[in-house]
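Below: the structure, in structure tokens.
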Amino acid sequence: MVPSRDGTAERVAVDLGDRSYDVHIGPGVRGLLPDLVAGTGARRVAVVSARPEGWVPDCGRPTLRLDAVDGEHHKTLAEVERLCRRFAEFGLTRSDVIVSCGGGTTTDVVGLAAALYHRGTAVIHLPTSLLAQVDASIGGKTAVNLPAGKNLVGAFWQPAAVLCDSEFLDTLPPRELLNGYGEIARCHFIGADGLRGLPLPEQIVGSVRLKASVVAADERDGGLRHLLNYGHTLGHAIERATDFAVRHGEAVAIGTVFAGRLAGVLGRVPPDRVAEHEAVVGHYGLPTALPAGVDDAALVNLMRQDKKVTVGLAFVLDGPDGAELVRGVPERAVTEALAAMPRAEKAAGKRR
């Protein structure tokens, strides 16, 4: 492996047999891209980027460069179609490679386009946001949104490699950096409770290692991988209820606090463990209160549309044996937990 600029790169393997790949983490690891592209045998490259052109190194092959825009409103089937049409016009084949550069939205959309184009074309991710580095770029879940819900159309398509260049994070505004901490905070309750207080690079490595281990054990979300959705059921509902004015990581943070309260209502955890949820989320400076003006009944209705739901309501909840997916949660318990949540005084989306 080519070392990063200061020799501090870490490599985490996602062990999936013939679909295995490495996640490279550290300053300057984007410099590995030309060698990784060469290793795929690709003759052409399509780079889809939501960042300035200079952020993606020259891949050493004829390259199509396409602009993308991060943000949930751009996670659409129309955007996937646009990309695939441009790939075809460029003459991209299934033996070539696609490169994504951007946040979670770009990673999801480009990943799905790669999964669908020629029924599967290699993709390499260069996630540039903290949220994308610790979560969206790893594990092969690709998806776009529908009016009926988040991430309802997607496919499993593992990348050929992931390059988490920490130098990208220096460009993030404070709120975007905070957004990524939402995914790190929820790790405390699903197997990585030692991340608080660590330097950010170590938190990224710890989060990636946790996700890699879960994905290796359950690639297609049949059981254990549900744990990664801790805090996401209410989180996704909040995103939709506020028309995405509340960012994904912020919403997951609030959803994590709620998951603790719901587990307490159901008698799965004692009061001190409920309080720990709010303390951990608060430690990262994340929101712990429901957005002002969001109706509880509307949130319950949106949570019924969650992908994990088959009958009734389902949540990943803490318990005496750790977190697990709990189906058929009574609505009265959900409404009781929502009623006990603190409420933000300011309107959703007006936080820093």
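Sequential numbering from 1 along the given sequence is applied to the chain's residues.
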For Ala339 and Asp296 the tightest heavy-atom approach is N-OD2, 4.0 Å

Does Ile238 reach the side chain of Val294, with side-chain heavy atoms less than 4.5 Å apart? no

Side-chain heavy atoms of Tyr21 within contact of Leu16, under 4.5 Å: yes

Keeping Glu10 on the side-chain end and Ile25 on the backbone end, is there a donor-acceptor pair under 3.5 Å? no

Compare every heavy atom of Leu338 with every heavy atom of Leu290, then report the nearest pair and how far apart it is. CD1-O, 3.9 Å

Between Arg261 and Glu336 (salt bridge meaning N to carboxylate O under 4.0 Å), is one present in this structure? no

Taking Gln158 for its side chain and Gly140 for its backbone only, find out whether a donor-acceptor pair lies under 3.5 Å. yes

Once you measure the plane-to-plane angle for Phe87 and Tyr117, does it fall in the parallel (<30°), tilted (30-60°) or perpendicular (>60°) bin? perpendicular

Are more than 12 heavy atoms, taken from residues, nucleotides or ligands other than Arg343, located less than 6.0 Å from that residue's CZ atom? yes

Is Glu250 reaching over with its side chain to a backbone N or O of Gly182, donor-acceptor style, under 3.5 angstrom? no

Starting at CG of Leu234, measure out to CG of Leu262 and round the result to the nearest 0.5 Å. 9.5 Å

Strictly by modelled atom types, are Thr256 and His277 linked by a side-chain donor-acceptor pair under 3.5 Å? no

Report yes if some heavy atom in the side chain of Trp55 is under 4.5 Å from a heavy atom in the side chain of Leu126; otherwise report no. no

Side chain Glu278, main chain Val257, donor-acceptor under 3.5 Å: no

Atom pair OG (Ser166) and CG (Leu130), whose distance is rounded to the nearest 0.5 Å: 11.0 Å

Just by distance, do the side chain of Asp15 and the backbone of Ala216 share a donor-acceptor pair under 3.5 Å? no

Under a 3.5 Å threshold, yes or no: a donor from one side chain and an acceptor from the other, between Gln305 and His236? no

Salt-bridged, Arg268 to Asp318, with N to O below 4.0 Å? no

Does CZ in Arg85 sit with more than 12 non-hydrogen atoms of other residues, nucleotides or ligands closer than 6.0 Å? no

Going by side chain to side chain contact (heavy atoms under 4.5 Å, CB included), Asp108 matches just one of Asn151, Asn145, Thr142. Which one? Asn151

Salt bridge Arg61-Asp96, side-chain N to carboxylate O under 4.0 Å: no

Report yes or no: does Arg225 contribute a side-chain atom to a donor-acceptor pair with the main-chain N or O of Gly139 at less than 3.5 Å? yes

If you define the side chain from C-beta out and look only at heavy atoms, does anything of Leu36 sit under 4.5 Å from Leu163? yes

Check: Glu79/His73 side-chain N/O donor and acceptor closer than 3.5 Å: no

Side chains of Asp70 and Thr105, donor plus acceptor under 3.5 Å: no

For Arg65, is the CZ atom crowded, meaning more than 12 foreign heavy atoms sit under 6.0 Å from it? yes

Any side-chain heavy-atom pair of Leu266 and Pro330 under 4.5 Å: yes

Is a side-chain N or O of Asp35 found less than 3.5 angstrom from the main chain of Leu32, in a donor-acceptor match? no

Side chain to side chain donor-acceptor pair (under 3.5 Å) between His232 and Glu239, intermediate numbers included: CA-CA 10 Å; His232 283 60; Glu239 287 182 85; over 6 Å; no

Closest heavy-atom contact between Leu325 and Ala314? CD1-CB, 4.3 Å

Between Trp157 (side chain only) and Thr121 (backbone N and O only), is there a donor and an acceptor less than 3.5 Å apart? yes

Side chain to side chain contact (heavy atoms under 4.5 Å, CB included) with Leu64: which of Arg44, Glu89, Arg86? Arg86

Distance in Å, Leu178 CG paired with Leu172 CG, rounded so as to fall on 0.5 Å steps: 11.5 Å

Closer than 3.5 angstrom, by distance alone: can the side chain of Thr128 be matched with the main-chain N or O of Cys101 as a donor-acceptor pair? no

By side chain to side chain contact (heavy atoms under 4.5 Å, CB included), which residues pair with Asp193, not counting sequence neighbours? His188

Is there a donor-acceptor pair closer than 3.5 Å between any side-chain N or O of Asp22 and the backbone N or O of His24? no

Are Asp135 and Arg186 side-chain neighbours, meaning at least one heavy-atom pair lies under 4.5 Å? yes

Quick one: pull up CG in Asn229 and NZ in Lys141 and give me the separation to the nearest 0.5 Å. 5.0 Å

